[in-house]
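So the structure is just underneath, and the comments pick up after that.
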Amino acid sequence: MQQLSNKRIVLGVTGGIAAYKSAELVRHLGKLGADVRVVMTKAACEFITPLTMQALSHNPVHLDLLDTKAEAGMGHIELARWADVILVAPATADFMARLAGGHADDLLTTLCLATSAPICLAPAMNQGMWRDSVTQENRDELLERGVKLFGPDDGFQACGDVGPGRMLDPEIIVEKTSELFTHDILSGLRVMVTAGGTREDIDPVRYISNHSSGKMGFAIAEAAIEAGATVTLVSGPVHLDTPERVKRIDVVSARDMHQVVHDHLNEVDIFIGCAAVSDYRPAEVAKEKIKKDAENSGEMLELRLVRNPDIIASVTGTEKPPFVVGFAAETHNVLGYAADKMRRKKLNLVVANDVSDSEIGFGSQSNEVTVIGEELEEPLPRASKKVVSRKLLQIVARRFRKWRAQNETNESIGS
Ligand code: C5P
């Protein structure tokens, strides 16, 4: 798994000789899966061309605060909100001074003021400039405000001096940037979620389905993104917007969902089956609309149904299954049936919910569930599906780590 998958990084480049190293930096960040938007100051363009940075970041480079064309694409406030982190490398003495002074007279300083994302600087300047008491005061002021400093390094400088002020190596800057995200509970993990109901065609105009709205699965996908995961959401037909950064694949029938899940399963660490998959589908799909008259005479129309594949059981049945979480929507004996389902389908965890309660059932905004696992029965009190999802993922993350450690031990004993 790439350490920076899904992460949005604004890379600010200011005008110092180390700006040539920013090209390397952008390449490394991209290799680890980050989505990088480069912002260059005027002085930075004297050292390296925006074209180089554009080619390496695969995104347009942002140069001016009041460029109408650029603002139409992504305005400065949008960019400030978009960023998970603003990394300025190299950060010159002048840039540090302007940031410490609260200036907002160019795009990069404006972004730094507007953002709520962490700001990291990789200072780069002559050793005398770094040692200067004003720079040191600016450094202290920035640290005080929560700005992180990566470096500077000590050693030979472009001007011939030796001392502190070299920009850290791009690899080290990337490593330090990745470390910012390691506290995310699903950082670096790939999660697949199935959501919504499936539709099983009867004829060209009719289908069998269920009341699933997809809200729970979508809330889980969103919470997994928040927790640092890369998320694939396989969704039946629903009326919901795709959460940001989620890769959504739409399907219609259970068999489509089964196919898509298995096509992408080798890229999955945690599988969460939240979809209400139709257990049966019509044995034959009529080519033309079934008419209520003539050949289908009488008051009865008989439909023959056949079993659909059990998607989640087929996932746990693979040679090297991911960590699998199932849902058990029941109307009575909720915990008993859920525990039974867990054993039968070989799930790592099962989330039991009582769909007989209309306030927490299909289509509702809130949910109340009990998470069941080996020696685990943890009720999650009634709350919005978003809050329930966050709590659920805390349990999932904890159990996943235990499970993975156990698997690694077993593998090393077996080898
Ligand atoms: O057996 P039951 O449908 O109650 O099991 C529910 C769990 O199994 C859910 O996690 C659901 O997404 C999954 N399931 C599935 N494929 C099916 C039926 C259910 O993945 N055909």
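Just so you know, ligand 1 is whichever comes first in the structure, and atom 1 is the first atom listed for that ligand. As the structure is a prediction and not an experimental result, all values here were calculated from the model.
Comparing V351, I311, V193 by heavy-atom distance to atom 16 (N) of ligand 1, the nearest is I311. Between T198, D279, V325, it is D279 that holds the heavy atom closest to atom 3 (O) of ligand 1. Comparing A275, A313, G326, A276 against atom 11 (C) of ligand 1, the shortest heavy-atom distance belongs to A275.
Among protein heavy atoms, the minimum distance from atom 6 (C) of ligand 1 is reached at F327 O, 2.9 Å. Among all non-hydrogen protein atoms, the one lying nearest atom 13 (C) of ligand 1 is I312 CG2, 3.8 Å. Of the protein's non-hydrogen atoms, the one nearest atom 17 (C) of ligand 1 is V277 CB, 3.5 Å. In this structure, the protein non-hydrogen atom closest to atom 10 (O) of ligand 1 is G273 O, 2.6 Å. The single protein non-hydrogen atom nearest to atom 21 (N) of ligand 1 is P309 O, 2.9 Å, given as residue, atom name and distance.
Salt bridge status for R98 with D106: present, with a side-chain N to carboxylate O gap under 4.0 Å. With salt bridges taken as basic N to acidic carboxylate O contacts below 4.0 Å, one links R248 and D250.
Across all non-hydrogen atoms, the minimal contact from L63 to P50 is CD2-CG, 4.0 Å.
Between the side chain of D203 and the main chain of I290, a donor-acceptor pair closer than 3.5 Å is present. D269 places a side-chain N or O within 3.5 Å of a backbone atom of R190 that can act as its donor or acceptor partner.
Note on residues 199-228: no pairs pass ring pair (Phe, Tyr, Trp, His ring centres under 6.0 Å), not counting sequence neighbours.
Counting heavy atoms closer than 4.0 Å to ligand 1, residue D310 contributes atoms from both its backbone and its side chain.
Close approach of ligand 1 to K341 is summarised as follows: ligand atoms under 4.0 Å from at least one heavy atom of the residue are 1 (O), 2 (P), 4 (O), 5 (O), 6 (C).
Residue contacts with ligand 1 include K345, since one or more of its heavy atoms lies under 4.0 Å from the ligand.
In terms of the salt bridge (Lys or Arg N to Asp or Glu O under 4.0 Å) criterion, R399 has no residue partners (sequence neighbours excluded).
Note that CE of M257 is 10.5 Å distant from CD1 of I249, once rounded to the nearest 0.5 Å.
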